[in-house]
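Here is the structure we will look at.
Protein chains get the first letters and strands the later ones, always in sequence-line order, with residue 1 at the start of each. What you see is a predicted model, and the numbers here were worked out from it, not measured in a lab.
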Amino acid sequence: MELKRTEIYEEHLKLNAKMVNFANFDMPIQYTSIKDEVASVRNAAGIFDVSHMGEFLVKGSDAENFVDHLLTNDIKNAPVGKAIYSPLCDLSGKIIDDLIAYKITEDEILICVNASNIKKDWDWMKTQSSNYDIVLTNESAQYSLFALQGPHTEKILKRLDLIDIKNLDYYSVKKSKIENTEVIIARTGYTGEDGVEIFIPNELAKTLWSWFIEAGVTPCGLAARDVLRLEVGFPLYGQELTNEITPFDCGLKWTVKMNKEDFIGKSSLSSYEISKKSFKFSIEKGIPRSGYPIKDNSGAQVGIVTSGTMSPTLGKGIAFASINATVSLQEDLFVEIRKMTSKCEIYKKPFYTGGHK
Amino acid sequence: MSSNIPEKLLYSKEHEWILVEDNCAMIGITDFAQSSLGDIVFVELPEEDRELEKDESFGVVESIKSVSDLYSPVAGKVIEINSDLEGSPDSINSDPYGSWMVKIEIKNQKELEDLMNAQDYLSYCQG
């Protein structure tokens, strides 16, 4: 199958990016060095082309009602201009995807979903939308998405005289204009640092990208993005989140508002008994990787590593794991790496706290 | 990709270099290999005295996002490992041909015939 390309595919090649197939898109995995790219985002600023992600637009008088019913988190009580992170669940409460809903106005909500789930999410939302007075459109092919991330974000936007984000709080969104073209900008990201995500019509993508590159912003690939999100404790669909578990099985209880009106999955979740739980850990030596077994004191396997990496910021191997809900985190747990076991040093908090606003 | 391939070494299809001195094979990974892997952050080497089969995995080299096995290009006993690499795995990136990993006592000199010279390895990398 021919891989899809983002609008600025050629720019990635010019920057000598290593390209890989990600969700059927030919995407930059790294440009120079993952270590350097991660450090740029932690200490200055990096730019990510994440145009493979999906954008759905919900417009109409029932936009809030529809999205609130669709998602486990609370959209209705969120003020206009707020972004809300939420799982998207099926009737049994199992996770279809995780996403961000951007409440641009009461009757215009932008939903940004994972690239690998665009079709699945779209089909699901379509079938759920029939009783609502809304127009639901899939804008994924028309929009490019850049994430500018790092402590220098505000300074760079100012220097380029692009958009004033002084009054745009963390997890807030607004419409703006670049070169007389309407764009949507949100103070969100997947790195834990201050930053923005800018949704732009494709025709503006190449120009905007080159401005950032010329301003000295470091282009960063998907590998750095994965390291950055792991360091600050963000889950990833397909790794920590799957359609075999509910938000209660993976540390996302805070995103399920059982007190709000009926929503998809509510009735199943109200009587759900958790089967898994998740935890974060580091080890002294070696690098835990996705799929490695988690064992208890007796040597019995009780779970599995869902994501792992070397953290260049911490200088050690870090990971997320999913274990049987009955296992106590007070007990010692071990990760098995090539037949050798290492004790998990469990983290209650993120491995690293980024500097987001 | 431009790649440094010294003339005096032999090369395996697994992108290892081999320096042969009498009965001893000194083994590391090539410039091409380190550059494809990216930032190397972890190395696991075998115990000394371990007997290796030809093509047997004897350790791993890990970059931030990947794990790669190391394969012995010849059969023989591990006579020495470069344990300095465990503390400074990034030296494999900066100096791949100075960063030997193991020395193996060659059991069967004939196995060296399966390895490539610099010119063949260059075409192999470009292939």
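In B:N108, the CG atom is crowded: over 12 heavy atoms of neighbouring residues, nucleotides or ligands sit closer than 6.0 Å. Counting heavy atoms of neighbouring residues, nucleotides and ligands inside a 6.0 Å radius, atom NZ of B:K54 exceeds 12 of them. Taking a 6.0 Å sphere around CD of B:E56, one finds it holds more than 12 heavy atoms contributed by other residues, nucleotides or ligands. Crowding of A:Q301 atom CD: a count of heavy atoms from other residues, nucleotides or ligands under 6.0 Å exceeding 12.
A:Q30 contributes atom CD, which lies 8.5 Å from atom CD1 of B:I64 (distance to the nearest 0.5 angstrom). Taking OG of B:S63 as the reference point, atom CE of A:M310 lies at 10.5 Å (rounded to 0.5 Å).
When atom types are taken as modelled, the side chain of A:K35 and the backbone of B:G38 share no donor-acceptor pair closer than 3.5 angstrom.
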Result block: side-chain N/O donor-acceptor pairs under 3.5 angstrom for residues 79-90 of chain B, not counting sequence neighbours:
from	atom 1	to	atom 2	distance (Å)
B:E80	OE1	B:K103	NZ	3.3
B:N82	OD1	B:D84	N	3.4
B:N82	ND2	B:W100	O	2.8
B:S88	OG	B:D84	O	3.2

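The residues B:E62 and A:R338 are annotated as salt-bridged, a charged nitrogen and a carboxylate oxygen being separated by less than 4.0 angstrom.
For A:L230, the part sitting under 4.5 Å from any heavy atom of chain B is the side chain, from C-beta outward, and nothing else. Only the side chain of B:V60 comes within less than 4.5 Å of a heavy atom in chain A; its backbone stays farther off.
Of the listed residues A:D36, A:I34, A:N16, A:T32, the one with more heavy-atom pairs under 4.5 angstrom with chain B than any other is A:I34.
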